[in-house]
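Here is how names work: the chains are called A, B, and so on, in the same order as the sequence lines, proteins then strands, and each is numbered from 1.
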Protein chains: 2
Amino acid sequence: MRGAILSVMNETDPNRVDDSLIALRRILRATEQYERDLAASAGLSPAQLRVLQIIAGKPDASATPSALAQQMGVSQATVTSVVDKLVARGLVRRVPSETDRRQTNVILTVTGRSALDEAPDALQQRYVREFVKLEDWEQAQLVASLERVAAMMDAHLIDASPVLTVGAIDGKRK
Amino acid sequence: MRGAILSVMNETDPNRVDDSLIALRRILRATEQYERDLAASAGLSPAQLRVLQIIAGKPDASATPSALAQQMGVSQATVTSVVDKLVARGLVRRVPSETDRRQTNVILTVTGRSALDEAPDALQQRYVREFVKLEDWEQAQLVASLERVAAMMDAHLIDASPVLTVGAIDGKRK
DNA sequence: TTAGTTGCTTCGGTCATCTAACTAATGGAG
DNA sequence: CTCCATTAGTTAGATGACCGAAGCAACTAA
């Protein structure tokens, strides 16, 4: 790797910033890569998978397009097109809301549910397996650090809502 | 409820795995979002920016399409199209290799270089600013944790090559 | 009732990406 | 020195994600 490039120093060791950024990059890359493979093997695109996961994470297994858009950080128009595809595959269904007829609830079908079960969360798999092996204090440490980093990064970003399928985790450790 | 995995201490952790995954998700989302904003403000797409960064990170500010493809984890065809766009904007140039005429070197133009200078690395900006504020031990802690997580995630993935623009880092304060 | 707001879809684009050819150069086996 | 397999890149043709703007309902207030 590189190294001596930034040598001069005063207070903060620049290599540390560097190291942390590199580690972050690795994490990002690994995740992206994995997400792609995963989606591919499940016959779903990452975005489609994400929608399924978000919906599945809701208590009633349903969500409105606008909620999805917000959670995913994309526009409603985008959600519409992704949902279209999921509908076409019979993984979700659009059900008009009864309380407000402008709203549509996107709900999982049985097929969709099982498709999801086939495809574990992108981050999980390998990571979770390793994680549970750690000592208690190490886990706590990691969580604290990650949250710290997350806080540093998304400070201004509204609501980074966890998508993240608690369900899938439960499934594992039951 | 859950967490039967740990026994020793008070059964603190109501799902740490969860927490860590959520934090990770936040990090990913923040990064993606930021990358988009950034790219938008620089008039470049994320992929284009990434190519520029990788090239700039090379000692001679040049890289072959295949090298780019590998580092980015995409196909050569993709690189070709991204590079096409960069060429169209005059940010890079294709220069046939002299040693092997099958090869092409993609090099930064002056314009490309300055475009890059305008656009700091996606991860940096906010994150780095916060990072350097931390106490020394906290930084060390974070780095260790991040590396640990990275190792857990990319175990099998080859080469997570740091793209990451050493240049932009010392740009922060030299 | 009328006007404004909200939720969603439709439309027309751009960009990233892929796989499958295809072209050109290289380099090794005869 | 001549073939041909291999390697580097590009071209072609698709699909998907995404966006902004425009359109349409349905709600909400005045």
Name the pairs: protein N/O against N/O of nucleotides 12-14 of chain C, kept only if under 3.5 Å.
none

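- Residues in residues 95-115 of chain B take part in these salt bridge (Lys or Arg N to Asp or Glu O under 4.0 Å) pairs, two or more places apart or across chains: D100(B)-R102(B).
- Not counting sequence neighbours, the partners of Q48(A) by the side-chain contact (heavy atoms from CB on, under 4.5 Å) test are L44(A), S45(A), V82(A), K85(A), L86(A), R89(A).
- Every residue meeting the salt bridge (charged side-chain N to carboxylate O under 4.0 Å, His left out) condition with R148(A), not counting sequence neighbours, appears here in chain and number order: E138(B).
- Counting side-chain heavy-atom gaps under 4.5 Å among Ile, Leu, Val, Met, Phe, Trp and Tyr, the cluster of I107(A) also holds V95(A).
- Note: CG (L68(A)) to C1' (dT9(C)) measures 15 Å, nearest angstrom.
- Atom pair M72(B):CE and dC15(C):P shows a separation of 15 Å (rounding to whole Å applied).
- Scanning for side-chain contact (heavy atoms from CB on, under 4.5 Å) contacts around T64(A) gives S66(A), A67(A), Q103(A), N105(A), with sequence neighbours left out.
- With sequence neighbours left out, S81(B) forms a side chain to side chain donor-acceptor pair (under 3.5 Å) with no residue at all.
- Residues L146(B) and D19(A) form no side-chain contact, since every pair of their non-hydrogen atoms from C-beta on lies 4.5 Å or further apart.
- In this view, R94(A) and D84(A) satisfy the side chain to side chain donor-acceptor pair (under 3.5 Å) rule, not counting sequence neighbours.
- Looking at residues 91-107 of chain A, you'll see R94(A), R102(A), Q103(A), T104(A) sit with a heavy atom under 4.0 Å from some atom of DNA chain C.
- Other residues sharing a hydrophobic cluster with V110(A) under the 4.5 Å side-chain heavy-atom criterion for ILVMFWY residues do not exist; the residue is a singleton.
- When the side-chain contact (heavy atoms from CB on, under 4.5 Å) test is applied to S145(A), the partners found at least two apart in sequence or on another chain are Q141(A), Q141(B), L142(B), S145(B).
- DNA chain C is contacted by S75(B), A77(B), T78(B), S81(B), K85(B) of residues 75-90 of chain B, taking any non-hydrogen atom closer than 4.0 Å.
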